Amino acid sequence: MSYGTTFALWRVAAGGIWRDYTHHAFVEGMRDGTLPRDAFLRYLVQDYLFLVHFSRAWALAVTKAETLEEMRVCAATVHALLNEEMRLHVETCAAEGISEAELFAAREASQNLAYTRYVLDAGHSGDFLDLMAALAPCVLGYGEIGARLASEAEQTPYAEWIATYSGADYQRSCREVGALIDAAVVRRLGAASEDSPRWPGLCARFQTATRLEVDFWSMGLTG
């Protein structure tokens with residue numbers, strides 16, 4: 001999937017850790033249906049908590065934005081997270097007897113704490129680009145994973161998860177976020193962004209967030 005020039009460059013700069021994330025055993029277990037249900041539910045509870053903090057990070061991006069268009073895309077992403085993406089978690093867990101109140105009150109895993117606080121710190125201590133580099137692996141990585149699994153998966157109990165992230169609405173959001181990042185990079189670093197002294201630091205932000213994504217999948221598998 002193509003989500004813009006900057007994302008493609010960050011992906012390459014992340015090296016093998018990107019494949020470790022997008023082809024993790026947890027992901028492949030969803031693809032072929034071998035992922036244990038308790039592992040999926042453990043992940044889903046933690047991902048609900050993750051999305052609460054992720055929504056806060058995108059809300060922070062509104063305050064870090066420099067243009068109205070940046071503000072609009074970030075605000076729309078907050079809306080999509082709170083009112084659309086989290087619905088999958090609430091409905092799936094409700095079917096397993098886990099209420100939304102129980103989800104919200106669940107204890108955060110250490111991997112969740114590490115990842116969400118890293119992203120929020122990127123926004124608080126850095127600028128808009130720092131925050132985008134930390135946010136991109138999740139939103140765009142899930143789009144890439146969803147699209148691949150939609151084309152490869154056969155019979156799997158995780159078809160609803162795959163449909164959510166491969167669906168037209170989520171894929172449109174990914175393209176909008178990719179375009180947002182491209183425009184933000186050009187606005188702040190110029191057309192030759194890779195020559196900017198800030199470029200290595202942004203690549204490092206993206207790689208660190210990707211590494212934390214790998215840890216998040218592993219948390220789902222092992223607890």
Side-chain angles (χ1 to χ4, degrees), residues 1-14 17-18 21 47-86 108 111-144 165 169-213 215-216:
M1 301 301 295
S2 176
Y3 303 136
T5 302
T6 305
F7 171 63
L9 293 171
W10 283 348
R11 244 172 122 260
V12 171
I17 196 72
W18 185 257
Y21 162 40
D47 200 47
Y48 174 93
L49 296 172
F50 174 89
L51 290 176
V52 171
H53 294 294
F54 208 56
S55 299
R56 290 173 174 147
W58 276 102
L60 176 61
V62 175
T63 73
K64 294 281 184 171
E66 292 183 0
T67 70
L68 285 175
E69 183 56 27
E70 288 177 352
M71 294 176 75
R72 289 188 182 106
V73 175
C74 293
T77 303
V78 175
H79 171 79
L81 289 166
L82 291 173
N83 299 299
E84 295 168 19
E85 188 174 350
M86 289 172 72
E108 287 182 81
Q111 296 90 338
N112 201 351
L113 285 163
Y115 190 6
T116 56
R117 285 10 175 233
Y118 175 77
V119 172
L120 285 166
D121 180 68
H124 284 296
S125 65
D127 66 2
F128 190 78
L129 293 184
D130 287 296
L131 187 50
M132 289 299 108
L135 287 165
C138 181
V139 61
L140 302 181
Y142 270 47
E144 181 178 313
Y165 294 103
D169 288 345
Y170 193 83
Q171 291 296 320
R172 182 176 60 253
S173 293
C174 287
R175 290 190 295 272
E176 289 172 353
V177 169
L180 166 72
I181 293 172
D182 279 349
V185 165
V186 170
R187 177 180 177 82
R188 292 161 176 83
L189 304 184
S193 57
E194 292 176 87
D195 296 330
S196 167
R198 289 209 55 203
W199 185 255
L202 294 174
C203 290
R205 285 249 187 231
F206 182 90
Q207 185 182 55
T208 296
T210 301
R211 178 165 50 82
L212 292 166
E213 281 283 4
D215 293 344
F216 202 92

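Values reported hereafter were calculated over all heavy atoms of this structure, with side chains retained and with hydrogens, waters and symmetry mates removed. Index from 1, following the sequence. Since the structure is predicted, the reported quantities are computational estimates derived from the model, not experimental observations.
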key: Rounded distance [0.5 Å steps], CG in L82 versus CH2 in W58   = 13.0 Å
request  = Could you pull out the closest heavy-atom pair between G143 and C174, with the gap in Å?
outcome  = CA-SG, 3.8 Å
key: Cationic N near anionic O, under 4.0 Å, E69 to R187   = no
Given L135, D47, V78, T116, the one that forms side chain to side chain contact (heavy atoms under 4.5 Å, CB included) with F54 = L135
query = How many angstroms lie between atom CG of L212 and atom CD1 of I17, to the nearest 0.5 angstrom?
reply = 9.5 Å
task = Could you point out which residue of I181, T6, L202 forms a side chain to side chain contact (heavy atoms under 4.5 Å, CB included) with L129?
result = L202
query = Between S193 and V185, what is the shortest heavy-atom contact and its length?
reply = CB-CG1, 3.3 Å
inquiry  = If I compare all heavy atoms of Y3 with all of E144, which pair ends up nearest, and what's the gap?
reply    = OH-N, 3.5 Å
ask   = Run the side chain to side chain contact (heavy atoms under 4.5 Å, CB included) check on Y170 and E85 step by step: do they pass?
value = CA-CA 9 Å; Y170 193 83; E85 188 174 350; 3.9 Å; yes
ask   = Would a distance-only check, ignoring hydrogens and angles, find a side-chain to backbone donor-acceptor pair under 3.5 Å from S173 to D169?
value = yes
task = Please confirm whether the backbone N or O of T5 pairs with a side-chain atom of D182, one donor and one acceptor, at under 3.5 Å?
result = yes
message = Using modelled atom types and a 3.5 Å cut-off, is there a donor and acceptor pairing between side-chain atoms of E70 and backbone atoms of V62?
response = no
query = So, for Q207 and A14, which heavy atoms are closest and what is the spacing to 0.1 Å?
reply = NE2-O, 3.2 Å
query = Passes side chain to side chain contact (heavy atoms under 4.5 Å, CB included), R117 versus D121? Steps please.
reply = CA-CA 6 Å; R117 285 10 175 233; D121 180 68; 5.9 Å; no
query = Hey, are the side chains of F128 and R188 touching, using non-hydrogen atoms and a 4.5 Å cut-off?
reply = yes
task = Would you check, one step at a time, whether the test side chain to side chain contact (heavy atoms under 4.5 Å, CB included) holds for R72 with L180?
result = CA-CA 10 Å; R72 289 188 182 106; L180 166 72; over 6 Å; no
message = For the CZ atom of R211 and the OG1 atom of T208, what is their distance to the nearest 0.5 Å?
response = 5.0 Å
note = To the nearest 0.5 Å, atom CG of L189 lies from atom CZ of R198 at 6.0 Å
message = Would T77 and V177 count as a side chain to side chain contact (heavy atoms under 4.5 Å, CB included) here? Give the steps.
response = CA-CA 8 Å; T77 303; V177 169; 4.2 Å; yes
message = To check you understand the geometry: which heavy-atom pair defines the closest contact between A134 and A209, and what is its length?
response = O-CB, 3.4 Å
query = Between K64 (side chain) and G126 (backbone), is there a donor-acceptor pair under 3.5 Å?
reply = yes
request  = State plainly whether the residues E84 and R172 are in salt-bridge range, i.e. N to O under 4.0 Å.
outcome  = no
message = To the closest 0.5 Å, what do you measure between CG (N83) and OG (S55)?
response = 9.0 Å
Distance in Å, Q171 CD paired with L140 CG, rounded so as to fall on 0.5 Å steps = 9.5 Å
key: Close side-chain approach of F216 to C138, heavy-atom, < 4.5 Å   = no
query = Which residue, W18, Y118, W199, forms the ring-ring contact (aromatic ring centres under 6.0 Å, His included) with F206?
reply = W18
ask   = Where does the angle between the aromatic ring planes of Y21 and Y142 fall among parallel (under 30°), tilted (30 to 60°) and perpendicular (over 60°)?
value = tilted
inquiry  = I need the minimum non-hydrogen distance between A133 and R205, along with the two atoms involved.
reply    = CB-CB, 3.7 Å
